[in-house]
Structure formats: structure tokens, C-alpha cells
Amino acid sequence: MSAEFPASDSLPVAGTAYGLGIGPGEPDLITLKAYNILQKADVIAYPALEDGVSLARQIVDPHIPEGRIEIAIRIEMGKPADPIYDAAAIEIGKHLADGKTVAVLCEGDPFFYGSFMYLFGRLAEAGHPVKTVPGVSSMMACAAQLGAPLAAKNDVLQVIPGPLDADRLREQLAKTDAAAIIKLGRHFAKVRGVINELGLTDRARYIERATLETQKMVPLGDLPADAKAPYFSMILIHRRGDAWR
Ligand SMILES: C[S@@+](CC[C@H](N)C(=O)[O-])C[C@H]1O[C@@H](n2cnc3c(N)ncnc32)[C@H](O)[C@@H]1O
């Protein structure tokens with residue numbers, strides 16, 4: 001290693017917040033850097049449902065040392081999220097001002113559609129040191145689990161959110177070589193309808209809860225017409241069927 005190579009900053013610095021990418025589900029898919037910071041952080045914060053259940057907290061459960069201060073940031077469905085992030089940033093900011101280190105758990109990668117960015121903006125604007133540790137994103141994990149390379153050569157790869165309306169979905173899908181369609185949940189039937197219309201069903205693969213024990217994956221066309229999809233699911237499509245063709 002060259003002498004100029006920057007020294008590792010895997011040891012957390014007092015008064016700093018870290019957005020830790022913790023991977024898509026399997027506890028082993030955390031980076032060494034995120035693991036090391038998690039071991040030393042004084043405070044661990046994570047997004048949670050109203051009842052306190054948190055996928056991010058569950059993913060790293062085997063790695064959390066005892067006796068840490070924990071902050072569950074409870075996102076209430078149907079309520080504006082801004083006041084929740086405002087309050088969480090104030091609570092985290094108080095710990096930072098006391099010289100504590102705070103790890104904010106982020107499923108997958110923090111800056112890939114991750115809610116951590118809302119805290120990142122607030123904490124940085126309030127003048128707190130805040131760093132982001134990248135993680136294994138669900139898109140990478142889904143491709144690996146499905147044995148479906150995402151893109152090759154000059155392919156254009158798009159990430160398409162399922163909540164887009166059918167016209168926008170059709171427009172985006174019609175012009176791309178490869179796509180990852182995320183946030184399926186209650187939008188699944190609409191997304192399937194558009195894929196069918198475009199004649200892409202035989203090139204679409206479905207996966208839910210990738211790398212978790214409850215993972216399920218099938219060719220999209222093998223699912224029953226009335227199949228439901230959870231929020232943690234994705235469809236990968238490649239126009240050539242396989243990126244290597
Ligand atoms: C708000 S985005 C967050 C993405 C996350 N930051 C990442 O890097 O993977 C949530 C979407 O990511 C996808 N996702 C996240 N984890 C997943 C998993 N384990 N299996 C399948 N899809 C997943 C789903 O499409 C879900 O609706």
C-alpha cells in the first residue's frame with residue numbers, strides 16, 4: 001500500500017454522526033468499516049415502524065454490543081415525516097454536542113433512496129460533523145441472488161420507483177435496456193400490467209426480501225395473476241433477457 005494512501009477512519013470520532021450502510025438483510029453483508037464503527041458508537045439510531053419494529057435494527061442485531069443508547073425513529077404511516085426527522089435530528093444533535101458518537105443504521109446503502117439523507121441534511125445544516133459509510137445496496141444484492149447481471153457494455157440501466165403512474169412507468173421502461181423496479185408493495189399489480197403491455201414479462205425476474213431467511217425469487221411470469229408483493233421486493237428486467245447476450 002502506498003504511503004500516501006489515506007489512513008483508515010474506521011474508528012468513530014467524538015461528536016460525529018455516521019450514516020451506516022448495513023446491507024440488504026443478511027448480517028454478514030455489512031462492511032468492515034460499518035461494523036467497526038457500530039462496535040464503538042455510543043448511540044445507535046434507526047428508522048422503525050410505529051410499533052417500534054425496525055428491519056435495520058434486526059439486520060445488525062447480532063453485531064450490537066450491549067448497553068448502547070438506542071433511538072428508534074418511528075415513522076407513522078400517513079403522517080408528515082418532516083416533524084419526525086426534525087425531532088430526531090434535535091435528539092441526535094444533543095448527543096453529538098455531548099461528544100458522543102452516533103451511528104444511524106441504514107438498510108442497504110444510505111444514499112440510495114435511503115431515509116438517512118433527511119437526517120444528513122438536517123445535521124449538516126446544524127453544523128454537526130456527519131459522515132456516510134456506503135453499504136451493499138439491495139439492487140446489487142438482488143442481482144447477485146437472482147444470478148442476473150444488471151447491465152453490460154453501453155446498456156442504460158434505470159432505477160424505476162413503482163409508485164410512478166402507469167404512463168410514466170411505460171415511458172421509462174419502453175426506452176431503457178435494463179431496469180430495477182423498486183418500492184413495489186401496493187403498486188405491484190399496476191407495474192406488472194405495464195410490463196405485460198410492453199411484452200417484457202418473459203425477461204423480468206421478481207425477488208422479495210433478498211438475502212433474508214424469508215427470501216423468495218421467481219420469474220415474474222410464474223407468479224399467479226393475483227400475487228401480492230411486500231414493500232421489500234424488486235423486479236429486475238433486461239431487454240436481452242440476460243445482460244451477457
Ligand atoms: C426506500 S428504498 C431503500 C433502498 C436501500 N437504501 C438500498 O440501498 O437498498 C426501499 C426499496 O428498496 C428495495 N429493497 C430494499 N431491501 C430489499 C431487499 N432485501 N430485497 C428486495 N428489495 C429490497 C425495495 O424495492 C424497497 O421498496
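Numbering of ligands and ligand atoms starts at 1, following listing order.
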Considering only the protein, which heavy-atom contact is closest to atom 4 (C) of ligand 1, and what is its distance?
Phe112 O, 3.3 Å

Output the list of atoms in ligand 1 that are nearer than 4.0 Å to some heavy atom of Ser137, sorted by atom number.
7 (C), 8 (O), 9 (O)

If the condition is side chain to side chain donor-acceptor pair (under 3.5 Å), which residues does Ser137 pass it with, not counting sequence neighbours?
none

Which atoms from ligand 1 have a heavy atom of Ser233 less than 4.0 Å away?
21 (C), 22 (N), 24 (C), 25 (O)

Do Ile182 and Val159 come close enough that some side-chain heavy atom pair is under 4.5 Å?
yes

Can you tell me the protein heavy atom closest to atom 27 (O) of ligand 1 and the distance?
Tyr231 O, 2.8 Å

Among all protein heavy atoms, pick out the one at the shortest distance from atom 16 (N) of ligand 1; state its residue, atom name and that distance to 0.1 Å.
Glu107 OE2, 2.7 Å

Atom 20 (N) of ligand 1: which protein heavy atom is closest, and how many Å away?
Ala210 N, 2.9 Å

Can you check whether Arg74 reaches Ile84 side chain to side chain, under 4.5 Å on heavy atoms?
no

For Asp82, is there an ion pair with Arg122 - N to carboxylate O distance below 4.0 angstrom?
yes

Specify the protein heavy atom at minimum distance from atom 3 (C) of ligand 1: its residue, its atom name, and the distance to 0.1 Å.
Tyr113 O, 3.6 Å

Taking C-beta and beyond as the side chain, do Val136 and Pro24 meet within less than 4.5 Å on heavy atoms?
yes

Considering only protein heavy atoms, which is closest to atom 8 (O) of ligand 1, and at what distance to one decimal place?
Asp109 N, 2.8 Å

With heavy atoms under 4.0 Å as the rule, classify the contact between Cys142 and ligand 1 as side chain, backbone, both or neither.
side chain

Show me which atoms of ligand 1 lie under 4.0 Å from any heavy atom of Gly108.
7 (C), 8 (O), 9 (O)

Can you tell which of Met117, Lys183, Gln215 gets a heavy atom nearest to atom 11 (C) of ligand 1?
Lys183

A side-chain contact here means heavy atoms from C-beta on lying under 4.5 Å apart; do Ile64 and Glu70 qualify?
yes

My understanding is that only residues two or more places apart in sequence, or in another chain, count here; which of them pass side chain to side chain donor-acceptor pair (under 3.5 Å) with Asp165?
none

Which label fits His63 and Tyr35: parallel for a plane angle under 30°, tilted from 30 to 60°, or perpendicular past 60°?
perpendicular

Tested for side chain to side chain contact (heavy atoms under 4.5 Å, CB included) against Val133, the lone hit among Leu38, Thr31, Asp109 is Thr31

With atom 14 (N) of ligand 1 as the reference point, say which of Ser138, Gly114, Ala180, Gly185 has the nearest heavy atom.
Ser138

Should Ile182 be counted as touching ligand 1, given the test is an N or O pair under 3.5 Å?
no

Protein heavy-atom partner closest to atom 19 (N) of ligand 1 - residue, atom, separation in Å:
Pro24 O, 3.1 Å

